[in-house]
Amino acid sequence: MTPTIARLLQMPPSADPVEVQAWVRTKRSSKNVVFIALNDGSTMRNLQAVVNLDDGTITEADLAEVTTGAAVRLKGNLIPSPGSEQAVELKTCAVHVLGPADPEAYPLQPKKHSFEFLREKAHLRFRTNVFGAVFRMRHAMTYAIHTFFHERGFYNIHTPIVTASDCEGAGAMFRVSTLDPKAPPLLPDGSIDWSQDFFGRSTNLTVSGQLEAELAAMALGKVYTFGPTFRAENSNTSRHAAEFWMIEPEVAFADLNDNADLAEEFLKFLVKWALDHCKDDLEFLNKRFEEEEKTKKQEERSEFNLLDKLRFVLDNKFERLTYTEAIEILKNSPPNKKKKFQYPVDRWGIDLQSEHERYLVEKHFKKPTILTDYPKEIKAFYMRLNEDGKTVRAMDVLAPGIGEIIGGSQREERYEVLKRKCEEMKVPTESIWWYLEIRRFGTAVHSGFGLGFERFLMFVTGIGNIRDVQPFPRTPKSAEF
RNA sequence: UCCUGGAUAGCUCAGUCGGUAGAGCAGCUGGCUGUUAACCAGCGGGCCGGGGGUUCAAGUCCCUCUCCAGGAGCCA
């Protein structure tokens with residue numbers, strides 16, 4: 001294999017011949033000299049190839065097909081660059097076009113394109129600076145996540161993608177079926193006979209690996225899942241996708257405080273990793289973020305740029321408070337008193353709206369905030385009931401600019417209490433009998449949380465739309481690529 | 001799903017009171033002794049999202065559908 005551009009840019013100038021294979025970003029020419037900016041995805045930075053036309057080794061005809069988007073192989077040697085943008089450049093002695101790109105038809109230009117346009121060109125958008133940076137960082141964060149858990153003795157568990165449990169309480173699911181949609185087998189009452197389907201029952205794509213992860217935690221101690229999840233909700237926002245990846249640690253013998261400690265340590269580890277390992281990409285994204293902010297109205301601009309925000313998260317302890325305390329703060333807050341909230345905060349028990357969470361995180365505390373101990377009515381059946389009988393050991397981690405980035409809880413480990421709550425909340429237990437039964441044999445306090453991977457990527461890259469941190473986003477009415 | 005705003009050249013957008021289509025960038029051609037989104041000059045480029053209606057006449061007004069964006073809800 002030829003060396004990557006990332007490697008070449010770190011090599012000292014030398015008379016030794018080198019070969020590079022990459023895609024052309026731009027070509028600039030004057031009478032006797034041509035500059036070709038090359039990128040191979042290995043780094044944000046381009047390699048500048050210089051072609052001298054005056055000695056006749058390479059002619060203008062040789063460069064006719066060297067146009068934006070073309071794949072090329074160049075031979076030459078590295079020399080010190082007189083230009084200010086790079087330390088070395090490639091003095092080129094041979095040019096070979098591997099795959100031309102018709103300049104009349106190639107959609108990407110050496111200029112800034114809108115995200116909306118690039119979403120329609122998802123097959124080509126990897127070749128832009130932004131998406132190169134985003135997907136290199138997506139990889140770096142994936143690696144960091146596995147590293148974090150591995151170093152702390154967690155085991156990665158692959159929970160099923162096809163599941164029969166439809167009571168995970170996280171919205172509509174995608175059905176998985178091999179039955180003939182035009183003529184499915186019917187029961188005498190006219191309903192579909194799922195017993196004749198592939199799995200002998202009705203199945204769906206998973207909305208969470210948590211329930212299964214809990215089973216593994218009750219034997220392996222500390223586990224985490226990292227896989228795709230699916231929601232068939234008709235959500236049309238910049239923060240929702242029908243297919244997304246979730247990280248769900250689950251820890252035996254850990255209570256909610258341990259859980260919150262883990263969540264905070266985890267987020268800080270990932271942010272530090274990004275700052276330490278993704279310098280070029282982050283600096284580029286930071287510049288882009290600042291330019292984006294300039295186009296916004298004064299009151300909508302964020303106080304921090306991307307890099308400052310990340311360092312701030314790293315340097316400050318997350319705020320922790322209970323739902324009850326949060327309600328008191330919100331009740332007495334200026335926007336509530338001035339009736340600026342669309343949903344007024346008037347009593348204990350209401351569900352917090354985005355505007356309330358944003359006020360707490362962005363205006364009141366101005367840092368990531370962990371809210372705990374919510375009213376049981378507004379949280380899932382599996383969360384552990386507190387001694388007061390009114391609240392559960394839930395926690396939401398709220399991040400500035402994103403909102404809820406982590407949702408978790410201490411799980412209800414008491415068989416009788418869990419059974420009673422399932423009945424109260426009308427959770428059908430037939431398909432999750434195993435989830436209850438694990439509580440009958442060596443049950444123990446345990447906790448876990450879910451981090452939306454793309455939500456985190458939005459936070460760490462400063463990209464405002466979830467569709468731009470996924471290579472091939474699936475959203476309502478959209479699955480082109 | 002709801003609210004708001006959009007869809008005009010390859011891209012980003014302008015288009016007045018309803019009167020038959022415009023700019024910048026990109027592309028192509030030429031010029032220029034080292035550029036960094038190079039620069040300078042010239043040239044080509046349009047089913048004005050689809051359908052229906054009003055009108056002598058619709059990019060422009062009305063209805064409708066599709067898709068897109070932002071916000072809300074749901075959540076991660």
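Please read all numbers here as calculations on a predicted model, not as lab measurements. Every chain is numbered from 1, with letters handed out A, B, ... down the list of sequences.
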task = Please check if the side chain of A:T206 supplies one atom and the backbone of A:S208 the other of a donor-acceptor pair under 3.5 Å.
result = yes
query = For the side chain of A:N46 and the base of B:U36, is some donor closer than 3.5 Å to an acceptor across the two?
reply = no
ask   = Pick from A:F226, A:F266, A:W273: which one makes a ring-ring contact (aromatic ring centres under 6.0 Å, His included) with A:F148?
value = A:F266
ask   = Is a donor-acceptor pair below 3.5 Å formed from side chain A:S235 to base B:C74, judging by atom type as modelled?
value = yes
task = Send over the distance from A:L53 CG to B:U33 P, rounded to a whole Å.
result = 13 Å
request  = Under 4.0 Å between any heavy atoms, over every strand shown, what does A:S84 touch: base, sugar-phosphate, or nothing? Just pick one.
outcome  = base
ask   = How is A:K112 classified with respect to the nucleic acid when contacts are heavy atoms under 4.0 Å: base, sugar-phosphate, or nothing?
value = nothing
query = With sugar-phosphate meaning primed atoms plus P, OP1 and OP2, does A:A241 contact a base, only sugar-phosphate, or nothing at under 4.0 Å between heavy atoms?
reply = base
key: Minimum-distance nucleotide (side-chain atoms of A:S81 versus B:U35, B:A72, B:A38)   = B:U35
task = Could you work out which one of B:C11, B:G34, B:A38 sits closest to the side chain of A:F117?
result = B:C11
request  = Name the pairing partner of B:U4, where a pair is Watson-Crick or G-U wobble with both distances under 3.5 Å, or state none.
outcome  = B:A69
inquiry  = Can you see if the side chain of A:R25 gets near the phosphate of B:A37 - specifically, an N or O under 4.0 Å from OP1 or OP2?
reply    = no
query = Side chain of A:E89: nearest nucleotide among B:G34, B:C68, B:G73?
reply = B:G34
key: Interatomic distance, A:I466 CD1 vs B:C68 P [rounded to whole Å]   = 16 Å
message = B:C75, OP1 or OP2 - any side-chain N/O from A:T237 closer than 4.0 Å?
response = no
request  = State whether the distance check finds a donor on one side and an acceptor on the other, under 3.5 Å, for side chain A:Q342 versus base B:G71.
outcome  = no
remark   = Closest to the 5' end of RNA chain B, once A:R467 and A:A242 are matched to their nearest nucleotides, is A:R467
ask   = Is there a donor and acceptor pair closer than 3.5 Å between the side chain of A:Q48 and the base of B:U35?
value = yes
message = So for atom CZ, which belongs to A:R7, do other residues, nucleotides or ligands contribute more than 12 heavy atoms lying within a distance under 6.0 Å?
response = no
N/O to N/O distances under 3.5 Å, protein versus nucleotides 22-31 of chain B:
residue : atom : partner : partner atom : Å
B:A26   : O4'  : A:Q109  : OE1          : 3.3
B:G27   : O2'  : A:E104  : OE1          : 3.1
B:G27   : O2'  : A:E104  : OE2          : 3.4

key: Exam field: side chain A:N77 to backbone A:P17, donor-acceptor pair closer than 3.5 Å   = no
note = Testing B:U35, B:G71, B:A69 for proximity to the side chain of A:N465, the answer is B:A69
task = Would you kindly give the CD-to-P distance between A:E355 and B:A72, to the nearest whole Å?
result = 9 Å
ask   = Think A:Q86 has a side-chain N or O under 4.0 angstrom from the OP1 or OP2 of B:U36?
value = no
remark   = Checking B:C74, B:A72, B:U36 against the side chain of A:E85 (C-beta onward), the nearest is B:U36
key: Check: A:H113 side chain, B:C11 base, donor-acceptor under 3.5 Å   = no
message = Could you tell me the Watson-Crick or G-U partner of B:G22, where both distances fall under 3.5 Å? Say none if there is no partner.
response = B:C13
note = Scanning both residues in full, the closest heavy-atom pair of A:N156 with A:T225 reads ND2-CA, 4.0 Å
ask   = Should the pair A:K426 and A:F381 be classed as cation-pi, given the thresholds of under 6.0 Å to the six-membered ring centre and 45° from the axis?
value = no
task = Whole angstrom is fine here: how far is it from CZ in A:R28 over to C1' in B:C39?
result = 12 Å
task = Send over the distance from A:E116 CD to B:G49 P, rounded to a whole Å.
result = 18 Å
task = Find the partner of B:U36: check Watson-Crick (N1-N3 plus N6-O4 or O6-N4) and G-U wobble (N1-O2, O6-N3) distances, both under 3.5 Å, and reply none if neither fits.
result = none
query = Between A:R125 and A:D468, does at least one N-O distance fall below 4.0 Å, as a salt bridge requires?
reply = yes
message = Could you tell me how far apart A:I378 (CD1) and B:C74 (P) are, to the nearest whole angstrom?
response = 10 Å
message = Output the rounded distance in Å from NZ (A:K287) to C1' (B:U36).
response = 12 Å
